[in-house]
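One structure is given here, and the rest of the page talks about it.
Just so we're on the same page: letters track the sequence lines, and every chain starts at 1.
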Amino acid sequence: MPVYNPNQSFNFKILKKGPHAARLGSLQTPHGLIKTPAFIFCATKAAMKSLTIEQLKTSDTQIILSNTYHLMLQPGAESVEKQGGLQKFTGWHGPMLTDSGGFQIFSLGHGNIADEIKGRGMPNRSKTLLEITEEGARFRSYINGKEYLLTPAESMRIQRLLGADLIVVLDECTPYHVEKSYTQASMERSHRWALQSLNAYLAHDNGKQKLYGIVQGGVYPDLRKISAEFISDHPFFGHAVGGSLGAEKQEMYDVIASTMSHLSKDRPVHLLGIGGIEDIFQGVLQGIDTFDCVHPTRIARHGGALVKPWNRLDNHKREHLNLRNSQYKLDLNPIEPDCACTTCANHTRGYLHHLLKTEIFLGFTLIAQHNAFFMNNLMKQIRYALEQNIFLELFNSWGFQQKP
RNA sequence: GUCAGAGUGGCCGAGUGGUAAGGCGCUGGACUGUAAAUCCAGUGUAUUGUUACAGCAUAGGUUCGAUUCCUAUCUCUGGCA
């Protein structure tokens, strides 16, 4: 595990170029080196749900992220700062990223992504996003009802106190079901917020953090071009691709492709919120360097274990097994026979099924550990393939076809 | 033995002279910058389904109609012997 080195500055190197826009790289931070392409696990409230730091290390995790919004409400940014910053607070001494709260401007107003895309709204839950103005976003705390105004400068201040290596500008993650005119106006406001974030960041720059600018523009190629060029034109350390990526996978891949074609090529690029297996392959092919997603850890808590295509018994549409299903009750196989994780080494599907049915937390932990190992191993294989010039062979061997 | 109370779907548990609420369980599904160990749907039998037939311990009875009222029986719980 890398140790914090204040003299170690940031840099991003492209070590090798792969097919299409794919690239192998390294991202140096004061808390350690991240080999890219890499996956960032979500420890939103400064904790990986159901996994310990030790278990994260065991599965070769490189970097985790936490969230400005959640930590602002509880325990408060000052509290984390007084306790030594996120790394000391969590016990994770490797690289970290914090999200700006921009996604909560979406999720606390519209619910989760699937619900918004499918038009299901937010059943049984009142909106705690009160309004979005030029100044920022006003929220009502779901903990104590107190109102908060999150502005670009405030997000930068909080992220500075939290102390992650990589931080991102405040933006609005645009929904799918809005008019193009809304997406455009939102994008333009996010651009203004990006500059305010950048200025606030530069005013207090202490060399310990680097800032990512976020590309918006929804599913519209012309807006993505404008946004990508805007972000590229300003001195952000890295770029992130955010906002609505569409309702279907092909639409997402098209949005990523059009965005990437207009971004400057020398900075690290993060794809916000994406972590499906195929999505990662397609993203890498388009030049994405880092990904983050709640999916591997969330589905683990719902009984979902990630599996490679050749280990899926019947349903090839889904990238995981639902171990709650009765078909696994007496299954003596591990989640995957060819997996080297500790869960697969020691436990059968039948046992994991039992843990899920009896609601023993260990079940979530064991599946989450498999999923964490799976994701890190996937990225490892991708990096190896890029290094050995066999990325497309790997890509094809997993059953994916190049899109678009 | 006697007195009292109680028997409702796989389980718990409402309920009432007009055809059994809600949980749990079970079976699936969803989940992509985490208000998510959450949410959604189905769950007596037969048919794709409208529908048909069962059904509130068991057997009778009263009634247009009984899970509800009456009688007997069985079982359980508690008190007294």
> Does B:rG33 have OP1 or OP2 sitting under 4.0 Å from an N or O in the side chain of A:S100?
Replying inline: no
>> Could you tell me if A:S79 and A:Q83 have a donor-acceptor pair between their side chains, going purely by distance under 3.5 Å?
In response: yes
>> Side-chain N or O of A:N67 versus OP1/OP2 of B:rG33: is the shortest distance under 4.0 Å?
In response: no
>> Any residue in residues 345-356 of chain A with a heavy atom nearer than 4.0 angstrom to RNA chain B? Just list them by number, or reply none.
In response: none
> Which residues, if any, of residues 218-236 of chain A bring a heavy atom under 4.0 Å of RNA chain B?
Replying inline: none
>> Can you identify which nucleotide, out of B:rC31, B:rG33, B:rA35, has its nearest atom closest to the A:I299 side chain?
In response: B:rC31
> CD of A:E116 versus C1' of B:rA30: gap in Å, rounded?
Replying inline: 16 Å
> What residues, two or more places apart in sequence or in another chain, satisfy side chain to side chain donor-acceptor pair (under 3.5 Å) together with A:H20?
Replying inline: A:Q286
> How long is the line joining CE of A:M252 and P of B:rG33, in whole Å?
Replying inline: 11 Å
> Given the rule in the side chain to side chain donor-acceptor pair (under 3.5 Å) test, do A:T44 and A:H70 qualify, once you have shown the distances and angles that lead to the verdict?
Replying inline: CA-CA 7 Å; A:T44 302; A:H70 301 261; 5.4 Å; no
> For RNA chain B, what are the stems built from at least three Watson-Crick or G-U pairs in a row, each pair having both distances below 3.5 Å?
Replying inline: B:1-7 with B:74-80, B:10-12 with B:22-24, B:25-30 with B:38-43, B:44-46 with B:51-53, B:57-61 with B:69-73
>> Is the phosphate of B:rG28 approached by A:R324 (side-chain N or O, under 4.0 Å from OP1 or OP2)?
In response: no
>> In this structure, how many angstroms lie between the P atom of B:rU34 and the CZ atom of A:F139, rounded?
In response: 12 Å
>> With a 4.0 Å limit, can you tell me whether A:K329 has a side-chain N or O closer than that to the phosphate oxygens OP1/OP2 of B:rU27?
In response: no
> Which word best sums up how the rings of A:W398 and A:F281 line up, parallel for under 30°, tilted for 30 to 60°, or perpendicular for over 60°?
Replying inline: tilted
>> Does a side-chain N or O of A:Q104 approach OP1 or OP2 of B:rA35 to a distance below 4.0 Å, or not?
In response: yes
>> Whether the A:D115 and A:H110 side chains hold a donor-acceptor pair (N or O, under 3.5 Å, no angle test) is what I'd like checked.
In response: no
> Should the pair A:E78-A:K82 be classified as a salt bridge under the 4.0 Å nitrogen-to-oxygen rule?
Replying inline: no
> With sequence neighbours left out, which residue pairs that include part of residues 331-343 of chain A fulfil the salt bridge (charged side-chain N to carboxylate O under 4.0 Å, His left out) condition?
Replying inline: A:K308-A:E336, A:K308-A:D338, A:D331-A:R349
> Quick check, are the ring centers of A:F139 and A:Y148 under 6.0 angstrom apart?
Replying inline: no
>> Quick check for you: among B:rG25, B:rA30, B:rG33, whose closest atom lies nearest to any side-chain atom of A:V168?
In response: B:rG33
> Closer than 4.0 Å, any side-chain N/O of A:R140 to the OP1 or OP2 of B:rA35?
Replying inline: no
>> Which nucleotide wins on minimum distance to the side chain of A:K49, given the candidates B:rA30, B:rG33, B:rU34?
In response: B:rU34
>> At less than 4.0 Å, is any side-chain N or O atom of A:S326 found next to OP1 or OP2 of B:rG28? Yes or no.
In response: yes
> Got a sec, which residues hit side chain to side chain donor-acceptor pair (under 3.5 Å) with A:D171, two or more places apart in sequence or on another chain?
Replying inline: A:Q216
> Is A:R157 paired with A:E81 through a side-chain N to carboxylate O contact shorter than 4.0 Å?
Replying inline: no
>> Which residue is it: A:I113, A:V219, A:V255? I am looking for the one with a side-chain contact (heavy atoms from CB on, under 4.5 Å) to A:L245.
In response: A:V255
> Reckon A:R120 has a side-chain N or O less than 4.0 Å from the OP1 or OP2 of B:rC31?
Replying inline: no
> Pick the nucleotide of RNA chain B nearest each of A:T128 and A:C293; which residue has the one closer to the 5' end?
Replying inline: A:C293
>> If I take atom OH in residue A:Y69 and atom C1' in nucleotide B:rG33, what distance separates them, rounded to the nearest angstrom?
In response: 15 Å
> Does NZ or CZ of A:R189 fall inside the cone over A:W193's six-membered ring, less than 6.0 Å from its centre and within 45° of the axis?
Replying inline: yes
> Is the phosphate of B:rG29, meaning OP1 or OP2, less than 4.0 Å from a side-chain N or O of A:N322?
Replying inline: yes
> So, A:E248 versus A:Y253: side-chain donor-acceptor pair below 3.5 Å or not?
Replying inline: no
> Are any of A:N325's side-chain N or O atoms less than 4.0 Å away from OP1 or OP2 of B:rU27?
Replying inline: no
